[in-house]
Amino acid sequence: MSTRDIVFVALFAALTAALGLFPPVTLPVVGVPITAQSMGVMLAGALAGSMRGGAALALFVVLVCAGLPLMAGGRGGLGIVMGPGGGFVLMWPVAAFVIGYLYERSLRTLTVWKEVLILVASGVVLTYAVGIPWIAAVARIDLAKAAIGSAWFLPGDAVKVVLVVLIARAVRRAYPTLQAR
């Protein structure tokens, strides 16, 4: 990794931590808080790319597991990944990697709608595919109840996708950070 790569990794890990400063809203059905931090995952992939974005979120997850209070509400430790929201958190590095990979692959033909599709498929659907069954297993509720409880996250995720598209387009215009594959 170059110095620039290390800076990107640290920057997006720090940005994801900073997004945890927004107060979380915990849903009673599933016990998982709604936070702004999933926006950091999408931004890392969209702006830093697959390797740097994935590494940034892997670093973030390792720091959280080590006990640093980087999650929304000042939480940290293994209890985060072993709790109901652990499936979402553990998928963050994978989601950032996949988002970055898809952005790199389609950089030359990227449209607003393609960006929305990439972010929804990789930033939302992919994390929910692991997060919802994880909630069901840890909270000992059936999968349907976990899915219904998780539906409360979707409006916020839609807002985050729109914000990430707007931010990523503006940043890439001013400072191109990705290389097409």
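Since the structure is predicted, the reported quantities are computational estimates derived from the model, not experimental observations.
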Legend entry - Criterion side-chain contact (heavy atoms from CB on, under 4.5 Å) on Thr127 and Trp92, from CA distance to verdict: CA-CA 7 Å; Thr127 55; Trp92 284 356; 4.3 Å; yes
Inset, instruction - Determine, stepwise, if the pair Leu119 / Tyr103 fulfils side-chain contact (heavy atoms from CB on, under 4.5 Å). - result: CA-CA 9 Å; Leu119 293 170; Tyr103 262 81; 3.8 Å; yes
Legend entry - Stepwise side-chain contact (heavy atoms from CB on, under 4.5 Å) test for Leu117 and Leu102: CA-CA 10 Å; Leu117 181 63; Leu102 293 174; over 6 Å; no
Inset, instruction - Output, in order, the C-alpha distance, side-chain angles, deciding distance and verdict of side-chain contact (heavy atoms from CB on, under 4.5 Å) for Val138 and Met82. - result: CA-CA 8 Å; Val138 171; Met82 300 308 289; over 6 Å; no
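Checked by atom type and distance alone, the side chain of Trp134 never pairs as donor or acceptor with a backbone atom of Ala129 at under 3.5 Å. Between the side chain of Gln37 and the main chain of Leu19, no donor-acceptor pair closer than 3.5 Å is present. Between the side chain of Glu104 and the main chain of Gly49, no donor-acceptor pair closer than 3.5 Å is present. Within the 3.5 Å criterion, the main-chain N or O of Ala72 finds a donor-acceptor partner in the side chain of Arg75.
Counting only heavy atoms from C-beta outward, the side chains of Arg172 and Leu107 approach each other to under 4.5 Å. Between Leu110 and Glu115 the shortest side-chain heavy-atom distance falls below 4.5 Å. Counting only heavy atoms from C-beta outward, the side chains of Arg169 and Val112 approach each other to under 4.5 Å. Put simply, the side chain of Val161 reaches to within 4.5 Å of the side chain of Met42, judged on heavy atoms. Contact of the Ile118 side chain with the Ile99 side chain is registered, since non-hydrogen atoms from C-beta on lie closer than 4.5 Å. The closest side-chain heavy-atom distance from Val130 to Leu90 is not below 4.5 Å. Residues Met1 and Met51 are not in side-chain contact: their nearest non-hydrogen atoms beyond the backbone lie 4.5 Å or more apart. No side-chain heavy atom of Cys65 sits less than 4.5 Å from a side-chain heavy atom of Ile80.
For the atom pair OG (Ser122) and CZ (Phe97), the distance works out to 11.0 Å, reported to the nearest 0.5 Å. If you take CG on Leu63 and CE on Met71, they are separated by 12.0 Å, rounding to the nearest 0.5 Å. Atom OG1 of Thr109 is separated from atom NZ of Lys114 by 3.0 Å, given to the nearest 0.5 angstrom. Between the CE atom of Met91 and the OG atom of Ser38 there is a distance of 13.5 Å, given to the nearest 0.5 Å.
Cluster membership for Val7 and Leu43, using ILVMFWY side-chain heavy atoms within less than 4.5 angstrom, is not shared. Put simply, Leu21 and Met39 are part of two different groups of oily side chains (I, L, V, M, F, W, Y) that touch within less than 4.5 Å, one to the next. If you chain together hydrophobic residues whose side chains sit under 4.5 Å apart, Leu15 and Val159 fall into the same group. Cluster membership check: Val62 does not share its hydrophobic cluster with Val89, using side-chain heavy-atom separations under 4.5 Å among Ile, Leu, Val, Met, Phe, Trp and Tyr. Residues Ile135 and Val125 fall within the same hydrophobic cluster, defined by Ile, Leu, Val, Met, Phe, Trp and Tyr side chains chained together at heavy-atom separations under 4.5 Å.
Of all the heavy atoms in Pro69 and Gly74, the pair that sits closest is CB-O, 3.2 Å. Taking both residues in full, the closest heavy atoms of Ala56 and Ala13 are given as O-CB, 3.5 Å, listed atom of the first, atom of the second, then distance. Scanning all heavy atoms of the two residues, the minimum distance from Ala44 to Ala96 falls at CB-CB, 4.5 Å. Ser150 approaches Ile132 most closely through the heavy-atom pair OG-CG1, 3.6 Å.
For Lys145 and Asp142, the salt-bridge test fails: no basic side-chain N is under 4.0 Å from an acidic carboxylate O.
In this structure, Phe12 has its ring center at least 6.0 angstrom away from the ring center of Phe60.
By the 30° and 60° cut-offs, the orientation of the rings of Tyr128 relative to Phe153 is perpendicular.
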